[in-house]
Amino acid sequence: MFDADVASRSLGIELLHAGDGRAAARMVVTAAMLNGHAIGHGGYVFLLADTTFACACNSRGPVTVAAGAEITFVRPVREGDVLVAEAAERTTYGRSGVYDVTVRRGDEVVAEFRGHSRTIGS
């Protein structure tokens with residue numbers, strides 16, 4: 001799935017691992033990702049978390065998509081920051097699931113994301 005994800009790969013997102021309801025990905029904040037305050041635009045941080053969520057919830061096989069997601073931005077990110085997102089499945093029920101993603105810069109948490117998944121394939 002990640003190999004066909006042109007949007008994520010075009011931003012330089014690198015999949016570190018995915019499997020068994022978990023995933024991790026890395027992205028470097030570039031100048032093109034800055035907002036008018038010269039800090040990383042939240043949409044890019046969300047995209048990194050969402051990509052990692054997608055890799056985790058698709059790691060077991062059936063085609064799974066986001067049914068909803070929310071993010072809390074804890075700290076601003078800046079050009080040159082290396083962000084690592086780690087996703088973990090919290091629970092699945094029927095065709096639905098809940099996943100948490102933590103985005104870090106080194107040891108600092110910069111964002112927390114919660115995604116709700118829905119399996120659409122078999």
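Side chains included, hydrogens not; waters and symmetry mates left out as well; all remaining heavy atoms used. All residue numbers refer to positions in the sequence shown, counting from 1.
- Residues Thr102 and Glu86 have side chains that never bring a donor and an acceptor to within less than 3.5 angstrom of each other.
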Taking it one step at a time, do Thr64 and Ser117 satisfy side chain to side chain donor-acceptor pair (under 3.5 Å)? CA-CA 6 Å; Thr64 304; Ser117 68; 5.8 Å; no
Assess the residue pair Val103 and Phe113 against the criterion (side-chain contact (heavy atoms from CB on, under 4.5 Å)); give the C-alpha distance rounded to whole Å, side-chain angles, the decisive distance to 0.1 Å, and a yes or no. CA-CA 8 Å; Val103 181; Phe113 171 106; 5.6 Å; no
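- Looking at residues two or more places apart in sequence or on another chain, you find no salt bridge (charged side-chain N to carboxylate O under 4.0 Å, His left out) involving Arg22.
- Judged purely by atom type and a 3.5 angstrom limit, Arg114 has no side-chain atom pairing as donor or acceptor with the backbone of Val98.
- Distance alone, capped at 3.5 Å, is enough to place a donor-acceptor pair between the Ser59 side chain and the Gly21 backbone.
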Would you sort out whether Arg105 and Val77 count as a side-chain contact (heavy atoms from CB on, under 4.5 Å), showing the intermediate values? CA-CA 8 Å; Arg105 172 186 48 225; Val77 299; 4.1 Å; yes
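- Taking both residues in full, the closest heavy atoms of Ala7 and Ser10 are given as O-OG, 2.9 Å, listed atom of the first, atom of the second, then distance.
- Smallest separation of non-hydrogen atoms from Met1 and Asn58: SD-ND2, 3.5 Å.
- Closest approach of Ala49 and Ile71 over heavy atoms only: CB-CD1, 4.5 Å.
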Stepwise side-chain contact (heavy atoms from CB on, under 4.5 Å) test for Arg118 and Arg95: CA-CA 5 Å; Arg118 185 76 172 172; Arg95 296 186 319 154; 2.6 Å; yes
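- The backbone N or O of Phe46 lies less than 3.5 Å from no partner atom in the side chain of Asp50, so there is not a single donor-acceptor pair.
- Residues Phe73 and Val110 share a single hydrophobic cluster, defined by chaining ILVMFWY side chains whose heavy atoms lie under 4.5 Å apart.
- Contact between Ala56 and Ala23 at its shortest, heavy atoms only, is N-CB, 3.6 Å.
- For the side-chain contact (heavy atoms from CB on, under 4.5 Å) with Thr119, the lone residue among Cys57, Ser96, Pro62 that qualifies is Pro62.
- Using a 4.0 Å cut-off between charged nitrogen and carboxylate oxygen, Arg26 and Glu14 count as a salt-bridge pair.
- Closest non-hydrogen pair, Ala32 versus Tyr44, comes out as O-OH, 3.8 Å.
- Residues Leu11 and Leu47 meet the side-chain proximity criterion, which asks for heavy atoms closer than 4.5 Å.
- Within the model, atoms CG of Leu83 and CD of Glu108 stand 11.0 Å from one another, a figure rounded to the nearest 0.5 Å.
- For the atom pair NE2 of His116 and CD of Glu70, the computed distance is 6.0 Å after rounding to the nearest 0.5 Å.
- The line from OH of Tyr99 to OG1 of Thr92 is 6.5 Å long, rounded to the nearest 0.5 Å.
- The structure places SG of Cys55 at 10.0 Å from CG of Leu16, a figure rounded to the nearest 0.5 Å.
- Each of Val28, Thr51, Asp5 was compared with Ile13 under the side-chain contact (heavy atoms from CB on, under 4.5 Å) criterion, and only Thr51 meets it.
- Nearest heavy-atom pair across Arg78 and Val29 is O-CB, 3.4 Å.
- Not a single donor-acceptor pair under 3.5 Å links the side chain of His37 to the backbone N or O of Ile39.
- In this structure, OG1 on Thr52 lies 9.5 Å from NE2 on His17, to the nearest 0.5 angstrom.
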Asp20 vs Arg60, test: side-chain contact (heavy atoms from CB on, under 4.5 Å). Steps then yes/no. CA-CA 6 Å; Asp20 199 30; Arg60 290 200 171 102; 2.9 Å; yes
